[in-house]
Amino acid sequence: MKIATWNVNSLRVRLPQVLRWLDVHRPDVLALQETKTEDRDFPADEFQRSGYHAAFTGQPAYNGVALLARDPPHELLTALPGSDDPQRRVLAATVGEVRVLNVYVPNGQSLDSDKYRYKLEWLAQLNRWLGELLHHYPRLVVLGDFNIAPEDRDVHDAEMWRGQVLVSAAERAAFRSLLDQGLTDSFRLFEQAGGHYSWWDYRAAAFRRNLGLRIDHILLSAELAARCHGTRIDREPRAWERPSDHAPVTTELS
DNA sequence: ATGGTGGCGCGGCCA
């Protein structure tokens, strides 16, 4: 089973790239973030023609998450439990025997921002939900744009980034809490080296110079981690014309 | 050079 995640930074702009990528890689599940698409405008028909069912929760201009799946997704949830947050950042569904939780974690903007406090509170809510999720769904994958580089080796220049948003100690502690509850960063099951990134700023030719961060993750419950054969970051679409600033990440499970 | 690029939507916000 192939499960992938991709922050597309506008599905309207990136639809041809997503269809192209799906056609080549044929994942069983693709989680999208930053669709920036209202539900009534979601291009479900286009994905249907490519053999994918779609589940989605979106809003105009910002946020928005979706799941594309070859088998129909069911038991949909579109928010953190008990949350009345209007920002569309969560989509959970069951596909086959796997529970999939697609997240678009808030960016946080800067450490002195209200958005940073919102990010940490959002992560605390996710952490509070996770124990229950793992209890109910031993085959759980939590994936998406976490907007956190977990360790210095996930950052192109750790000294330059030190203390900034996406790498701060509080964000990393929140990410670590997800792992401590029983999730595994599937990328690190197979690759220990630095220099592997999933996001590169549009500015300053960051991709060409590989000045990136690894902030898109596929986290697996113990049962799924034991079945994981590999997780890779596909840099190819980042080099296409008019790319997303994020690369897709894919994991393979037996 | 507190810049740079991109998306949304048409001014300013967000990443």
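Lettering follows sequence order; numbering is per chain, from 1.
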**OP:** Determine the interplanar angle of the A:F47 and A:F42 rings, folded into 0 to 90°, and report it as parallel if under 30°, tilted if 30 to 60°, perpendicular if over 60°.
**Re:** tilted
**OP:** Establish, for the pair A:R14 and A:W6, whether the NZ or CZ atom is under 6.0 angstrom from the six-membered ring centre and no further than 45 degrees off its axis.
**Re:** no
**OP:** Rounded to the nearest angstrom, tell me the gap between atom CH2 in A:W240 and atom P in B:dG6.
**Re:** 18 Å
Original post:
Do the side-chain N or O atoms of A:R242 get closer than 4.0 angstrom to the phosphate oxygens (OP1, OP2) of B:dT5?
Top reply: no
Original post:
Which distance, rounded to the nearest 0.5 Å, do you find between the CG of A:L120 and the CG of A:N127?
Top reply: 11.0 Å
**OP:** Pick the P atom in B:dG9 and in B:dA15, then give their distance to the nearest Å.
**Re:** 15 Å
Original post:
When the distance from CE of A:M160 to P of B:dG4 is rounded to whole Å, what number comes out?
Top reply: 16 Å
Subject >> Sequence-aligned protein contact record of nucleotides 9-15 of chain B, with B where the base is within under 4.0 Å of a protein heavy atom and S where only the sugar-phosphate is >> reply: S---BSS
Original post:
Would you call A:R12 and A:E46 a salt bridge, using N to O less than 4.0 angstrom?
Top reply: no
**OP:** Evaluate salt bridge (Lys or Arg N to Asp or Glu O under 4.0 Å) for A:D23 paired with A:R20, printing each intermediate quantity in order.
**Re:** CA-CA 5 Å; A:D23 193 46; A:R20 175 180 171 184; over 6 Å; no
Subject >> Distance, P atom - from B:dC13 to B:dG3, rounded to whole angstrom >> reply: 14 Å
**OP:** State whether A:S10 places a side-chain N or O below 4.0 Å from either non-bridging phosphate oxygen (OP1 or OP2) of B:dG6.
**Re:** no
**OP:** With C1' as the reference atom in both, quote the distance from B:dC10 to B:dG4 in angstrom, rounded to an integer.
**Re:** 22 Å
Original post:
For the pair made of CG in A:D201 and P in B:dT5, what is the distance, rounded to whole Å?
Top reply: 10 Å
Original post:
Do the charged groups of A:R172 and A:D152 touch, with an N to O distance under 4.0 Å?
Top reply: yes
